[in-house]
A.B. asks: 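Before we start, here is the structure in question, set down as structure tokens.
Small disclaimer: the values here were computed from a predicted structure and weren't measured.
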Amino acid sequence: MDLLTANDRPGAYPASWYAGSVEPLAPFPPLQGEAGADVCVVGGGYTGLSAALHLAEAGFSVVLLEAQRVGFGASGRNGGQVGSGQRQDQDWLEKRVPGQARLLWEIAEEAKALVRDLARRHAGGAAWRDGIAEVQRSASEVDAHRRHAERLARDYGYDRIEALDRAGVAALTGSKAYAGGVLDRGAGHIHPLAFALGLARAAVAAGVRIHEGARVNHVARGIVKTDAGEVRADHVVLACNGYLGTIEQDVAARVMPINNYIVATEPLGDRFPEILPGRPAVADDRFVVNYWRLTEGRRLLFGGGESYGYRFPRDIGSVVVPPMLSVYPQLKGVGITHAWGGTLAITMNRMPHFARRDGIYTASGYSGHGVALATMAGRMIARAVAGDAGQFDAMAAVKAARFPGGPALRAPLLVAAMSWYALRDRLGL
């Protein structure tokens with residue numbers, strides 16, 4: 001059993017609200033026999049599609065291999081939030097990579113701008129909307145976020161974040177569950193699958209040859225093999241994230257797949273006008289984060305919950321609806337029309353893992369912060385292949401340690417640790 005087939009039918013998107021609200025692309029043919037290219041990209045999510053598009057625009061010949069459908073994985077299933085900064089904040093980065101912290105901030109800002117520009121040019125805007133709120137349960141956390149926003153304005157010139165007290169968060173979200181928060185007007189949210197499909201269309205228009213149903217089973221310098229064929233290339237891009245499997249053992253030891261879940265309510269119509277009247281996306285401060293936003297048709301998309309095995313729970317709603325009702329008790333009885341899971345990937349330090357050797361480039365482990373950074377990773381990889389590896393190497397300088405126990409024991413050890421944090425969440429600590 002593996003994550004590519006444990007929960008999904010081959011060649012089919014999950015029954016998510018996202019998949020039901022876009023026009024799918026015609027399937028791309030599987031790889032048959034031998035092919036050649038300057039670059040072979042493995043994986044058709046944001047990292048792989050962005051790398052392929054930017055490489056093709058730079059004049060490289062590119063073959064992209066996707067085991068399922070483009071945008072099939074986390075890129076087509078996530079919460080759609082395009083947040084500011086790196087997954088770890090600037091205080092953390094300044095302590096651990098003091099010489100690179102400002103560059104990493106600039107890379108993250110460039111990543112947001114890149115997503116917005118690509119969405120506008122290739123995906124009809126992908127329903128972009130401005131604004132992400134981070135909300136907190138305790139006064140101490142509210143104060144810490146306020147102080148961090150002030151520091152970003154003072155030291156990094158980023159003045160797009162507004163501090164909110166309890167009443168401000170209640171007015172913004174329609175929930176009384178939080179003590180305060182911050183609203184980042186420079187961040188935003190999109191329809192993630194529409195964005196991925198837009199990148200795929202743009203990549204094909206730029207000359208990329210995409211093969212779906214092309215599961216890779218071997219990667220070495222200059223060669224990528226599937227059951228039905230192989231690609232010979234000067235460079236290889238591994239853009240598999242949580243679906244890497246055993247293709248590259250060193251990356252697998254540092255990047256661990258986990259599962260996360262989302263539900264979509266029936267359209268709310270004119271009911272509950274207090275819920276997100278300005279239509280921001282929201283994330284809270286629980287260790288296993290709750291996150292939510294409204295669709296154009298006023299459905300609430302609410303995400304949260306995690307698991308660390310192969311199988312999604314039989315009843316995803318039973319995992320996600322209780323935390324949704326803890327935030328919005330007024331939604332009790334509202335119908336749930338869609339419930340789906342997805343596999344993302346985390347690292348020990350929650351910063352993405354970038355590495356390159358022997359002509360093989362990899363970026364993965366975005367730890368829930370991947371819409372912007374995965375897209376940007378593709379462009380950084382393309383630049384590195386073309387000879388400008390400055391940004392790529394800056395990201396690679398933030399080292400991702402191996403998980404204790406290796407691929408075999410990391411999940412049981414992580415479950416033990418996560419269970420402690422989940423208990424803290426339930427106790428409100």
Side-chain angles (χ1 to χ4, degrees), residues 79 81-116 130-164 169 178-189 254-255 280-287 289 291 344-355 363-377 379-380 389-401 421:
Q81 297 195 13
V82 187
S84 298
Q86 299 282 346
R87 176 61 174 79
Q88 293 285 8
D89 65 25
Q90 291 307 114
D91 292 341
W92 189 96
L93 293 170
E94 287 180 0
K95 291 176 182 176
R96 288 160 179 82
V97 283
Q100 300 280 26
R102 183 167 295 276
L103 175 57
L104 294 175
W105 171 262
E106 292 168 354
I107 287 172
E109 284 298 283
E110 187 177 334
K112 284 191 307 184
L114 177 64
V115 170
R116 190 165 192 166
D130 292 333
I132 295 178
E134 296 182 33
V135 295
Q136 294 85 45
R137 294 167 294 162
S138 70
S140 62
E141 284 298 312
V142 172
D143 186 58
H145 278 72
R146 176 188 56 77
R147 286 186 280 106
H148 185 66
E150 292 171 348
R151 186 172 167 341
L152 289 179
R154 182 183 68 246
D155 297 342
Y156 289 86
Y158 190 75
D159 59 359
R160 305 298 306 280
I161 301 178
E162 174 188 357
L164 303 169
V169 165
Y178 299 98
V182 294
L183 173 62
D184 184 352
R185 300 185 188 279
H189 51 103
R254 303 169 194 274
V255 177
V282 188
D284 70 13
D285 64 342
R286 292 184 178 272
F287 187 81
V289 176
Y291 53 93
L344 63 149
I346 62 172
T347 62
M348 283 283 288
N349 63 11
R350 300 304 189 267
M351 287 291 289
H353 175 56
F354 282 62
S364 57
Y366 302 103
S367 304
H369 202 65
V371 180
L373 285 174
T375 307
M376 184 64 183
R379 186 158 82 176
M380 287 188 281
Q391 290 182 326
F392 185 96
D393 289 346
M395 294 296 300
V398 188
K399 300 297 184 181
Y421 285 108

A.B. asks: In terms of side-chain geometry, is the basic nitrogen of Arg147 or Glu150 positioned less than 4.0 Å from the acidic oxygen of its partner?
C.D. replies: no

A.B. asks: How about Arg254 and Lys399: do any of their side-chain heavy atoms sit closer than 4.5 Å?
C.D. replies: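 No, every pair of side-chain atoms sits at 4.5 Å or beyond.
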
A.B. asks: When you measure from the side chain of His145 to the backbone N and O of Glu141, does any donor-acceptor pair fall under 3.5 Å?
C.D. replies: yes

A.B. asks: Nearest 0.5 Å, what's the CZ-CD1 distance between Arg151 and Ile161?
C.D. replies: 12.0 Å

A.B. asks: So which heavy atom on Pro352 is nearest to which on Met395, and how close?
C.D. replies: CG-CE, 3.6 Å

A.B. asks: Distance alone, cut at 3.5 Å: any donor-acceptor contact between the side chains of Tyr158 and Asp184?
C.D. replies: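 Yes, because at least one side-chain N or O of Tyr158 sits under 3.5 Å from a partner of the opposite role on Asp184.
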
A.B. asks: Can any side-chain N or O of Asp89 pair as donor or acceptor with the backbone N or O of Trp92 at less than 3.5 Å?
C.D. replies: yes

A.B. asks: Can you check side-chain contact (heavy atoms from CB on, under 4.5 Å) on Asp285 and Val135, steps first, answer last?
C.D. replies: CA-CA 6 Å; Asp285 64 342; Val135 295; over 6 Å; no

A.B. asks: How far apart are the closest heavy atoms of Leu104 and Ala394, and which atoms are they?
C.D. replies: CD2-O, 3.9 Å

A.B. asks: When you compare the side chain of Thr375 with that of Arg379, does any pair of heavy atoms fall below 4.5 Å?
C.D. replies: no

A.B. asks: Do you see a donor-acceptor pair shorter than 3.5 Å between the side chains of Gln81 and Tyr291?
C.D. replies: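 Not at all, the side chains of Gln81 and Tyr291 share no donor-acceptor pair under 3.5 Å.
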
A.B. asks: Where is the tightest heavy-atom contact between Val142 and Ala179, given as atom of each residue plus distance?
C.D. replies: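 What the structure gives for the nearest pair is CG2-C, 3.7 Å.
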
A.B. asks: Can you tell if the side chain of Met380 reaches within under 4.5 Å of the side chain of Ile107, non-hydrogen atoms only?
C.D. replies: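 Yes, side chains in contact.
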
A.B. asks: Could you tell me which non-hydrogen atom of Leu344 sits nearest to which non-hydrogen atom of Ser367, and how far apart they are?
C.D. replies: CD1-C, 4.2 Å

A.B. asks: Taking the side chain as C-beta and beyond, is there a heavy-atom pair between Leu373 and Gln86 under 4.5 Å?
C.D. replies: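 Leu373 vs Gln86: side chains touch.
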
A.B. asks: Report yes if some heavy atom in the side chain of Tyr156 is under 4.5 Å from a heavy atom in the side chain of Arg102; otherwise report no.
C.D. replies: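 They are in contact (side-chain heavy atoms under 4.5 Å apart), so the answer is yes.
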
A.B. asks: Does Glu109 come within less than 4.0 Å of Arg160, counting only side-chain N to carboxylate O?
C.D. replies: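 No, no charged N to carboxylate O under 4.0 Å.
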
A.B. asks: Return the NE2 to OG distance between His369 and Ser84, rounded to the nearest 0.5 Å.
C.D. replies: 7.5 Å

A.B. asks: State, to 0.1 Å, how close Trp105 and Gly85 come at their nearest heavy-atom pair, and which atoms those are.
C.D. replies: CZ3-CA, 3.8 Å

A.B. asks: Just so I know, are the side chains of Thr347 and Arg87 near enough to count as touching, which here means a heavy-atom distance under 4.5 Å?
C.D. replies: no

A.B. asks: Does the side chain of Met351 reach to within under 4.5 Å of the side chain of Leu93, using non-hydrogen atoms?
C.D. replies: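 A side-chain contact exists here, since the closest heavy-atom pair is under 4.5 Å.
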
A.B. asks: Would Arg137 and Arg286 satisfy side-chain contact (heavy atoms from CB on, under 4.5 Å), going step by step from the backbone distance to the final call?
C.D. replies: CA-CA 9 Å; Arg137 294 167 294 162; Arg286 292 184 178 272; 3.4 Å; yes

A.B. asks: Looking only at heavy atoms, what is the nearest atom pair of Gly83 and Ala187, with distance?
C.D. replies: CA-CB, 4.1 Å

A.B. asks: For the CE atom of Met376 and the OH atom of Tyr366, what is their distance to the nearest 0.5 Å?
C.D. replies: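 Met376 CE to Tyr366 OH: 11.5 Å, rounded to 0.5 Å.
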
A.B. asks: Check whether Gln90 reaches the backbone of Ala101 with its side chain - one donor and one acceptor, N or O, closer than 3.5 Å.
C.D. replies: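 Yes; judged by distance alone, with no hydrogens or angles, the pair exists.
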
A.B. asks: About how many Å separate NE2 of His353 and CD1 of Ile346, when rounded to the nearest 0.5 Å?
C.D. replies: 14.5 Å

A.B. asks: Do Arg116 and Asp130 have side chains that approach each other closer than 4.5 Å (heavy atoms only, starting at C-beta)?
C.D. replies: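 Sidechains of Asp130 and Arg116: in contact.
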
A.B. asks: Enter the distance from Gln391:CD to Gln100:CD here, rounded to the nearest 0.5 Å.
C.D. replies: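 CD of Gln100 is found 11.0 Å from CD of Gln391.
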
